[in-house]
Amino acid sequence: MAKQRIQAVRGMNDLLPEQTPAWQAVEALLRDLAQGYGYAEIRLPIVEKTELFRRSIGEVTDIVEKEMYTFEDRNGERLTLRPEGTAGCVRACIQHGLLHTPGRRLWYLGPMFRHERPQKGRYRQFHQFGVEAFGLPGPDIDAEQILMTARLWQRLGLEGLRLEINSLGSPEARRDYRRLLVDYLRGHYQRLDEDSRRRLETNPLRILDSKHPEVQEVVAGAPRLLDHLDAESRAHFETLLALLREAGVDYHVNPRLVRGLDYYTRTVFEWTTDRLGAQGTVCAGGRYDGLVAYLGGPPTPAVGFALGLERLLALLEASGRLPETEAPHAYLVLAGEGTDRAGLALAERLRSAVPGLRLVVNAGGGSFKAQFKRADRSGAAWAIVLGEGELASGTLGFKPLRGEGEQETLDEATLVARLHQVVHSGPA
RNA sequence: GUGGACGUAGCUCAGCUGGUAGAGCACAGGAUUGUGGCUCCUGCGGUCGUGGGUUCAAUUCCCAUCGUCCACCCCA
């Protein structure tokens with residue numbers, strides 16, 4: 001180990017070449033999935049004014065209180081690296097008048113930043129795929145988004161994910177319930193831990209979520225939010241559950257599920273797994289009917305979810321479902337006087353003649369032996385050989401590196417035809 | 001922010017109660033004068049995270065610091 005070599009910032013990871021193929025495959029699948037449901041991509045800045053997050057996420061949330069990367073730019077303006085995607089998306093929609101068209105469906109993908117202590121499945125820079133739908137008040141769109149995620153698991157070959165779902169009701173119902181809950185918890189004040197006592201003042205609903213055993217016992221006897229929903233939210237929730245049942249999606253109603261961000265109303269849900277240790281939430285979302293108006297836009301109901309890419313990739317790996325890297329179709333071996341130049345030109349002709357061809361040209365010289373070794377390690381299915389003999393006779397060697405078969409001697413036109421077959425017969 | 005474990009070659013790791021370092025993989029070359037995958041041989045590669053302390057002597061013991069991992073908290 002060298003001495004004071006500069007290292008990456010804690011919790012911010014490089015994605016190395018052996019990992020990027022899987023990421024690319026997952027990203028392509030997500031793009032495809034979103035488009036398959038009529039969602040359009042929106043690309044948003046990574047930096048926003050601090051005020052946006054303070055207002056949308058909530059002043060007393062952990063994210064705003066202690067996890068944001070906030071700084072002053074040269075004008076003295078307070079800016080923050082986005083800790084999540086919804087706030088910026090809503091801001092952009094308001095700013096550009098996108099919400100005058102009802103039924104906007106949007107998706108985005110990119111890095112988010114939170115200053116937390118890193119651990120498995122939790123990083124300071126992480127990536128989310130997010131989806132938002134605006135102007136649609138009914139449970140049909142909630143269901144659509146949950147079905148979208150269920151389809152994703154299926155397409156990735158993932159099993160065993162658990163859907164937890166709950167309703168937080170209208171802001172009014174939530175406020176009334178909050179009072180009930182605070183009264184109840186005050187009655188058990190002695191049994192609450194320090195954190196929960198503090199939240200009693202700031203955000204009592206989150207006490208429901210506590211992992212503290214003693215607090216959990218207290219919470220078990222608390223009044224249930226689901227029993228105090230307003231009629232409209234109740235109907236919304238019931239319909240959503242019915243839609244899920246009809247679609248064959250299993251769910252677990254979890255009355256203690258409370259999402260961390262303040263802006264949620266009515267539907268909240270999480271997809272969780274027990275295969276990722278403590279950070280088992282792979283995807284989470286819900287409805288936030290009040291946020292758009294709160295941020296100064298036209299009153300607009302909205303639903304969305306976010307999915308953690310690092311967690312999804314980790315789960316794929318744990319499940320043995322990581323997408324494979326796409327090896328080259330062929331490796332061009334070049335040895336002998338004049339074959340470098342001829343080879344480079346040949347490779348260009350082949351790439352033009354065979355769209356989709358993944359062809360690696362040997363660079364840096366080396367003996368036949370060394371070059372075949374590289375060809376093998378590249379994972380290529382075929383070696384194309386251009387040596388002095390081939391150069392003189394205007395032919396090419398074509399040798400299978402994976403299965404059975406002898407090396408053949410072909411002319412260029414025949415080679416092109418063979419490469420077409422290789423490219424179109426799928427992965428070797 | 002709190003707690004615990006761990007930092008030895010590019011990677012995965014060994015190194016018993018202190019005597020200045022090893023293996024496998026990878027990489028390069030050879031056995032095979034134009035042909036990989038198996039085998040064998042050779043070679044390259046480390047101021048043992050960093051700084052300080054104890055000691056005749058520290059990779060080994062102590063302290064600090066940085067980093068990694070796991071958990072708490074919280075969340076994707």
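A quick note: this is a predicted structure, and the numbers were derived from the prediction, not measured. Here is the naming used below: chain letters follow the sequence lines, and residue numbers restart at 1 for every chain. Computed over heavy atoms, backbone and side chain alike; hydrogens, waters and symmetry mates excluded.
Note on A/Phe129: nothing from the nucleic acid sits closer than 4.0 angstrom, heavy atoms only. A/Glu390 comes within 4.0 angstrom of a base, heavy atoms only. Residue A/Gly121 is classed as a base contact, given a heavy-atom separation below 4.0 Å to a base. Residue contacts for A/Glu67: at a heavy-atom cut-off of 4.0 Å it reaches the sugar-phosphate backbone alone, with no base atom in range. A/Ala375 comes within 4.0 angstrom of no nucleic acid atom, judged by non-hydrogen atoms across all strands. Contact annotation for A/Arg114: base contact, defined as any heavy-atom pair under 4.0 Å involving a base atom. Nucleic acid contact class of A/Gly336 (heavy atoms, under 4.0 Å, all strands): none.
In the set B/A76, B/G34, B/G36, B/A76 carries the atom at the smallest distance from any side-chain atom of A/Glu116. Proximity note for A/Phe126 (side chain, C-beta onward) versus B/U35, B/A76, B/A28: the nearest is B/A76. Listed candidates were B/C75, B/U68, B/G29. Nearest to the side chain of A/Ala370 is B/G29. You'll find that the side chain of A/Ala306 is closest to B/A76, out of B/C70, B/A76, B/G36.
Rounded to an integer number of Å, the gap from A/Arg122 CZ to B/C69 P is 12 Å.
Ion pair A/Asp183/A/Arg178 not flagged as a salt bridge, since none of the NZ, NE, NH1 or NH2 atoms sits closer than 4.0 Å to an Asp/Glu carboxylate oxygen.
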